[in-house]
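Scroll down for the structure; my scribbles are underneath it.
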2 protein chains.
Amino acid sequence: VTLDSGLDLHVELSPTRPARSLESRLRNAIVDGRLPRGTRLPPARSLAADLAISRNTVAAVYAQLNAEGWLQSRVGAGTWVSDLAAEHRQAQPPSTRATSRQSIDLRGGIPDPSGFPRRDWLAAVRAATLGAGTSELGYPDPAGTAKLRAAVSSYVARTRGVAARPDSVVVGQGFGELLALVCRALVARGARRVAVEEYGHSTHRRVVAAAGLKLVPITVDDDGADVEQLESLSVDAVLLTPAHQFPLGTPLSARRRRQLTSWADRNVAWILEDDYDGEFRYDRRAIGALQALAPDRVIYVGTASKAVAPSAGLGWAVPPAAILPDILEQRELAGGQPAALHQLALAALIDAHGYDRSVRRLRSLYRSRRTRLENCVASQLPDCELTGLSAGLQCILRLPPDTNEKHIERSAAERGLRLEGLAAFRVPGVTGSAPPAVVIGYGGPTPGQFDTALAILVECVREAIVTQHQGGRIDGSV
Amino acid sequence: VTLDSGLDLHVELSPTRPARSLESRLRNAIVDGRLPRGTRLPPARSLAADLAISRNTVAAVYAQLNAEGWLQSRVGAGTWVSDLAAEHRQAQPPSTRATSRQSIDLRGGIPDPSGFPRRDWLAAVRAATLGAGTSELGYPDPAGTAKLRAAVSSYVARTRGVAARPDSVVVGQGFGELLALVCRALVARGARRVAVEEYGHSTHRRVVAAAGLKLVPITVDDDGADVEQLESLSVDAVLLTPAHQFPLGTPLSARRRRQLTSWADRNVAWILEDDYDGEFRYDRRAIGALQALAPDRVIYVGTASKAVAPSAGLGWAVPPAAILPDILEQRELAGGQPAALHQLALAALIDAHGYDRSVRRLRSLYRSRRTRLENCVASQLPDCELTGLSAGLQCILRLPPDTNEKHIERSAAERGLRLEGLAAFRVPGVTGSAPPAVVIGYGGPTPGQFDTALAILVECVREAIVTQHQGGRIDGSV
């Protein structure tokens, strides 16, 4: 057998005129780019065997397409697609799709992808791929691979105080997928209403609603979500961010934690704990997972997206044993689960402490950005105040009363800075006062963009405050 | 700063008695195994800084646990968890969970995981991880990463004749997840009833039903699914395996392909094409994807699970442009998508032709197993017949009339061979004759197990036939 490009080529032939149809199929594939220039074709002998036609037929077709200029060949080097078709296509007018201008992202909840530990990740993939047993290469356990469940259970026990065993962990694509599966499992068990914090990710609220649950908002204050409201709402569950309210940044107070678990016990209700960035704390004591206080009522969910990279995905739930089979049932009905190979790589990263290293590195990066933000606001925006600084990937810039958040969002967008006002996170239709503020994410900008991001932020906020004051004066002069 | 293990340790302290609570938390974590033996603890200085307590407090706690034997330390080498706790736990009685006996898997549709191209995969991961731009490391496009969509569109165009562009591809976890998303999208557009082949995967049927669609079976014969039945069933869509009916192995005939697309055009109905093993063909011409005949009505779905490994997962849909946004909407509501890093690795594997190489290698492996199976049946089971041999990962062993399939399943299981009768794939409640047969998968056994698998199969089938004949004689003598 001669050299083979390894290309697998599908060609459907007319049984009566195989040469003619092979010729036109190949020509079309070359002209429309399905066979790009430089593609090596199989030797006539192998293509003939694959198609069950004679070798001479294939050789004649190759010769014809050579003569037309679509193919080139040289003895000993085989046959390949020439540049002709590509040149032909390039003569067409270019696509009208404009490339979007590079923008800087200061939105909340987005980790810095440039912090991704490429070398540690490659070492982990290598260890996982070479070390995987044959049975680990087959279809995985619907709850996740044994190695990742073991690595996660000891990691969340150690760093977040979660009461977990390997067989109490369910691996998922990330927080969103696990939220969808958990909500569907609750609906299948009869749940109808779920309380959510007044502020949060609108995408999470959409996932909850799509699962068939009615959303009931509860307010958030300086002690976190006001869980006392749950007593009168007849909800079956509550979705919370207890370590660091998203996006306000306040932790749920110790007193409210006790109230909450007492409510759940008395009402046999579920608490969904979104521990989205529990590892990132700066100058206060760590607040352990709520789950440890009530492992029978709390469905704990964490994610690797913040500590490794959004592109690595993967998350984990630690549900009470009573509801774990319902979650796996929903996983089966949703038809998918994260690739076992990818799970094994994350397990190897955690086991080799590369995950911890990444958390520490990112924590120090975010801490230094937070300090730069604090200094910047103190010196340049004295009318504003930062809150929610003690942990997490974002904080809140409180603006003077009546400042227009939307104005800041718009003028930032004009300058290439993506930024969201606090109102963007509020449950639509909720009434009551909401002081103006913008959410500042530390993670979105690359290291080189952060100072530029702050400079644009200062400009836009000052402009909004001045406009507002001028507006006030004009109103006053009428 | 001294040497640091990189461990990230969560310890929640009592504000009034920090030393006492640190001591008991660490002791508990060591005793119950959350801190396994050999784990290095952070230097007292860094742990003190993390917990905002004095260094002397931490040093005193370490000294106490040292004295108790839980920790060991040496100047210059730091402090680590001793063997004491592990020895303590090993003195407990061992787990009673029995290890299941190694079994051989001859079920249909399971690829051989020992064929996984580890070296090619590692090279692809390396290229993808080092070559990823910062923006590719963030949250991915809900339809999939640009690189994988481009690689898939040219691959399916080249090998399966699919009419695809990069922006018509939706990447998914695998066939099951894409099926779930497509079915939910159809339901959201008003679809209520879907036709399915009389034989197929029961898990797929569960996914379709869970999305809210009513299943309507159509029969399958030697020309594939009898699509003429669609004319009178008022269904909104049909789920089919046209290249190689699963598990019967018959391709959908050319005449029926035309009937089918004409039906879909006239009724504005959808065809879901499950092209689960279209790449694996042996001694007949390749049958191209149905999608090319009616790109506006066919939702094409393929998977990498067969050609790379189930542990790599990933699949792709090529839906008509009209329904693509509905599928992405369902993806958002399901909350998850495959990790971008993993997608980029598969793209690199396809681009470097490692995917094609894997298909060729597996095809030759399966072809040789098929030949061994044919020889074995011809010489040792002359009363049986093999069908569905021309392509795919499995075929059908037709048994003499009245042979009891269940008997073969059971006696195979007793000998450690997993095997399924054809009835296991039939839609429950469908009536009409179903001649006895078992499905034989080439992929499940490792290379070393295949001959053993055949030997057990022969034994079990012979036993069932003999039992049946004896049963007949006994009945006759009464």
Side-chain angles (χ1 to χ4, degrees), chain A residues 5-10 12-13 29 34-35 51-52 113-114 116 118 121-122 125-126 129-130 134 136-140 154 157-161 172-174 176-177 179-180 206-207 210 279 285-286 288 309-314 333-337 339-342 353 356-357 359-360 446, chain B residues 6-10 12-13 34-35 51-52 113-114 116 118 121-122 125-126 129-130 134 136-140 154 157-161 172-174 176-177 179-180 203 206-207 210 279 285-286 288 309-314 333-342 353 356-357 359-360 446:
Chain A
S5 65
L7 258 185
D8 193 16
L9 188 74
H10 169 73
E12 192 139 21
L13 300 186
R34 277 179 290 151
L35 284 176
L51 298 174
S114 68
F116 174 59
R118 293 182 200 240
W121 179 256
L122 278 178
V125 172
R126 194 179 162 78
T129 305
L130 297 178
T134 305
E136 291 177 299
L137 297 171
Y139 288 101
S154 79
R158 175 163 60 77
T159 65
R160 305 291 302 130
Q173 218 35 261
E177 189 219 6
L179 177 65
R206 291 195 68 208
V207 167
E279 295 103 335
R285 293 226 179 99
S311 55
L314 296 180
L333 297 177
Q337 60 188 301
L341 276 173
H342 192 65
H353 296 183
D356 282 302
R357 273 195 296 278
V359 167
R360 290 194 168 235
T446 61
Chain B
L7 259 184
D8 193 15
L9 188 74
H10 169 72
E12 192 139 21
L13 300 187
R34 277 179 290 151
L35 285 177
L51 298 174
S114 68
F116 174 60
R118 295 182 198 240
W121 179 256
L122 277 178
V125 171
R126 193 180 164 79
T129 304
L130 297 178
T134 305
E136 290 177 299
L137 296 172
Y139 288 101
S154 80
R158 174 162 61 76
T159 64
R160 304 292 301 128
Q173 217 38 262
E177 189 220 6
L179 177 64
T203 49
R206 291 195 68 207
V207 167
E279 295 104 334
R285 293 226 179 99
S311 56
L314 295 181
L333 297 177
Q337 59 188 301
L341 275 173
H342 191 66
H353 296 180
D356 282 300
R357 272 195 297 278
V359 168
R360 289 194 169 234
T446 61

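Everything numeric in this text was worked out from a predicted model, so none of it was measured. In what follows, every chain begins at residue 1, and chains take the letters A, B, ... in the order their sequences are listed.
- Listed by chain and residue number, nothing satisfies the salt bridge (Lys or Arg N to Asp or Glu O under 4.0 Å) test with R118(A) (two or more places apart in sequence, or in another chain).
- Contacts of F116(B) with chain A are made by side-chain atoms alone, with heavy-atom separations under 4.5 Å and no backbone atom involved.
- With chain B as partner, the option from G336(A), A339(A), G172(A) having the largest number of non-hydrogen pairs under 4.5 angstrom is A339(A).
- For V207(A), the side chain to side chain contact (heavy atoms under 4.5 Å, CB included) partners at least two apart in sequence or on another chain are L179(A), A180(A).
- Of the listed residues (P310(A), G138(A), G176(A), A312(A)), the greatest number of heavy-atom pairs within a distance under 4.5 Å of chain B belongs to P310(A).
- The shortest heavy-atom contact between Q337(A) and Q173(A) is C-NE2, 4.4 Å.
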Kindly determine whether L122(A) and L122(B) satisfy side chain to side chain contact (heavy atoms under 4.5 Å, CB included), including the steps that lead there.
CA-CA 9 Å; L122(A) 278 178; L122(B) 277 178; over 6 Å; no
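- With chain A as partner, the option from T134(B), T203(B), L314(B) having the largest number of non-hydrogen pairs under 4.5 angstrom is T134(B).
- For the set G335(B), S311(B), A334(B), the count of heavy-atom pairs under 4.5 angstrom toward chain A peaks at S311(B).
- Aromatic rings of W121(B) and H342(A) (six-membered ring for Trp) have centroids beyond the 6.0 Å cut-off, not under it.
- Counting heavy-atom pairs under 4.5 Å between each of G313(B), G174(B), A340(B), A309(B) and chain A puts A340(B) at the top.
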